[in-house]
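All ligand and atom numbering here is 1-based and tracks the order in the structure.
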Amino acid sequence: MQGFIAYVLILSFISPYICLTLEYVSENNTYNVMQYGAIGDGKSDDTQAFSSAWSSACNAEGMSTLVIPSKKSFLVTKVNFSGPCDAKILFQFEGKIVAPGKEEWKAESHWITVGYLNGITIDGNGLGEIDGNGSTWWDCSNCVRPVVFHFHSCNDLTVSNLMISNSPRAHVSVNQCNGATFSNISIDSPATSPNTDGFDISSSTNISIQDSNIKAGDDCIAINGGSFFVNVTRVTCGPGHGISVGSLGKFNSTERVSDIYVRNCTFMGSTNGARIKTILEVSSVSVNSVTYRGFNGTFVGNVAINLNCSSSGCFNIQLDKNNIVAAKEGGNTFVFCRNAHGTVRDTIPNVYCLSE
Ligand SMILES: *[C@@H]1O[C@H](CO)[C@@H](O)[C@H](O)[C@H]1NC(C)=O
Ligand SMILES: *[C@@H]1O[C@H](CO)[C@@H](O)[C@H](O)[C@H]1NC(C)=O
Ligand SMILES: *[C@@H]1O[C@H](CO)[C@@H](O)[C@H](O)[C@H]1NC(C)=O
Ligand SMILES: *[C@@H]1O[C@H](CO)[C@@H](O)[C@H](O)[C@H]1NC(C)=O
Ligand SMILES: *[C@@H]1O[C@H](CO)[C@@H](O)[C@H](O)[C@H]1NC(C)=O
Ligand SMILES: *[C@@H]1O[C@H](CO)[C@@H](O)[C@H](O)[C@H]1NC(C)=O
Ligand SMILES: *[C@@H]1O[C@H](CO)[C@@H](O)[C@H](O)[C@H]1NC(C)=O
Ligand SMILES: *[C@@H]1O[C@H](CO)[C@@H](O)[C@H](O)[C@H]1NC(C)=O
Ligand SMILES: *[C@@H]1O[C@H](CO)[C@@H](O)[C@H](O)[C@H]1NC(C)=O
């Protein structure tokens with residue numbers, strides 16, 4: 001009889017403790033790719049380990065953390081971090097992911113995909129790195145070259161403190177996302193690498209790219225059709241083709257872009273500063289209400305300010321407090337306008353060709 005009482009007492013003391021312990025674990029779910037068989041030597045294929053670790057992190061409840069540990073290099077052929085997930089995920093991305101040579105890629109148009117997620121945070125903590133091994137692709141002009149890091153249907157996304165280099169095509173693409181902040185992203189590919197945009201944004205709203213450094217072979221940032229409320233702040237571009245809206249009219253003439261703010265950016269050795277591109281045949285693409293303010297610096301070539309609009313015209317273009325001079329003393333400084341309407345104030349060179 002005494003023995004039985006003792007048993008019941010112990011159980012009733014232990015059982016609430018067990019409940020608490022389980023709850024504690026589920027609130028701190030951490031999934032490290034090493035626990036799923038990743039090797040991290042830069043040579044073994046760790047694709048399966050990444051995929052298994054992701055599924056566990058995604059299917060967990062509450063908050064979960066996916067860990068790619070630092071000081072290791074993981075070779076993956078293709079990886080899809082897609083939801084929908086039960087958990088809200090923190091992605092602690094402190095190691096390096098490397099791509100194999102072109103022949104071993106399993107990816108079609110995207111190598112690392114992040115999709116169908118709400119509220120994911122990806123933090124490289126200044127250590128995380130992605131190397132797309134693009135040099136094995138750049139020579140192949142008729143290949144469909146993949147994007148390294150693709151975000152699709154992600155809302156409330158934060159990506160920070162990461163390095164991304166050597167993409168076969170665009171380094172980061174953002175499509176159909178609403179609410180994303182990218183900060184302290186360092187992108188690095190050679191000036192000669194073809195189509196290697198830094199960021200390529202399309203059909204997305206409320207996107208911010210800040211405090212980043214982008215060296216690329218094509219556009220630093222391209223903002224394509226269906227994008228609204230995009231802020232680019234304190235980004236340094238170059239080499240590359242500068243920050244571009246468009247090309248618009250690629251798919252149809254109703255592609256729209258508005259509420260884009262490019263502020264406190266630096267362009268060094270880029271072929272353009274900030275530009276808007278439309279497709280020549282689609283004359284109905286209209287350009288309206290564009291302000292260029294506080295562009296100060298030097299340029300090489302012939303045209304410092306080029307407002308070259310199609311027959312449908314550009315309207316309400318405002319130039320204010322700009323000062324652009326030739327890098328070479330005594331060099332020519334030309335401005336060019338065609339079908340461009342708007343006003344100019346306090347700007348060097350004098351944009352005499354802008355009409356009211
Ligand atoms: C990634 O997974 C999602 C959801 O399962 C799927 O819709 C998408 O096509 C996949 N993407 C790639 C590139 O495999
Ligand atoms: C790139 O691919 C080549 C060819 O397969 C391979 O030898 C090399 O190790 C890869 N580079 C990186 C950084 O992974
Ligand atoms: C920003 O990223 C760089 C390199 O990726 C790193 O050295 C630096 O510590 C990062 N800054 C922060 C605040 O993490
Ligand atoms: C914009 O995105 C941020 C998160 O990236 C979010 O906090 C904010 O509510 C969003 N605003 C709108 C209007 O969607
Ligand atoms: C962009 O900047 C505008 C004006 O400063 C601000 O109202 C808006 O919230 C910012 N949006 C994002 C996505 O950062
Ligand atoms: C034009 O393209 C946009 C995507 O940029 C799409 O949302 C829209 O439905 C297209 N319109 C037509 C008429 O095809
Ligand atoms: C840009 O820089 C100026 C001068 O340092 C500062 O006053 C302004 O707040 C900055 N704007 C943004 C959006 O960071
Ligand atoms: C203006 O645009 C037309 C059509 O794209 C092009 O042929 C011409 O060279 C451009 N002129 C300047 C000065 O950029
Ligand atoms: C840029 O140049 C304009 C015109 O000379 C001047 O008003 C403005 O103060 C300059 N801005 C900076 C940040 O140097």
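Under the 3.5 Å distance criterion, the side-chain polar atoms of D219 are left unmatched by any main-chain donor or acceptor of S244.
Less than 4.0 angstrom separates some heavy atom of N308 from each of these atoms of ligand 8: 1 (C), 2 (O), 3 (C), 8 (C), 10 (C), 11 (N), 12 (C), 14 (O). Close contacts between ligand 5 and S208 involve ligand atoms 14 (O) [criterion: under 4.0 Å to a heavy atom].
Contact annotation for atom 7 (O) of ligand 8: protein absent (non-hydrogen atoms, distance under 4.0 Å). Atom 14 (O) of ligand 8 is approached by the protein to below 4.0 angstrom, counting heavy atoms only.
For ligand 5, one of its N or O atoms has an N or O atom of R263 under 3.5 Å away. The shortest N/O to N/O separation between D346 and ligand 9 falls below 3.5 Å. The N/O atoms of N206, backbone and side chain alike, include none that comes under 3.5 Å of an N/O atom in ligand 5.
Distance from atom 5 (O) of ligand 8 to its nearest protein heavy atom, with residue and atom name: L280 CD1, 3.9 Å.
Between K321 and D346, no side-chain nitrogen of the basic residue sits less than 4.0 Å from a carboxylate oxygen of the acidic one, so the salt-bridge criterion is not met.
Nearest-residue assignment for atom 12 (C) of ligand 9 (options D320, N296, N264, V325; heavy-atom criterion): N296.
Neither the backbone nor the side chain of T347 comes within contact range of ligand 9; no heavy atom lies under 4.0 Å. Of all the heavy atoms of N306, the ones lying under 4.0 Å from any atom of ligand 8 belong exclusively to the side chain.
Between F81 and F91, the gap from one ring centroid to the other is short of 6.0 Å.
SG atoms of C353 and C337 are separated by less than 2.5 angstrom, consistent with a disulfide link.
In this structure, F93 and F149 have perpendicular ring planes: the angle between them is above 60°, well past the 30° mark. Ring geometry for H341 versus F315: interplanar angle under 30°, hence parallel rather than tilted (30 to 60°). Ring pair F295/F267 is parallel by interplanar angle, where below 30° counts as parallel and above 60° as perpendicular.
Rounding to the nearest 0.5 Å gives a distance of 8.0 Å between SG of C309 and CZ of R338.
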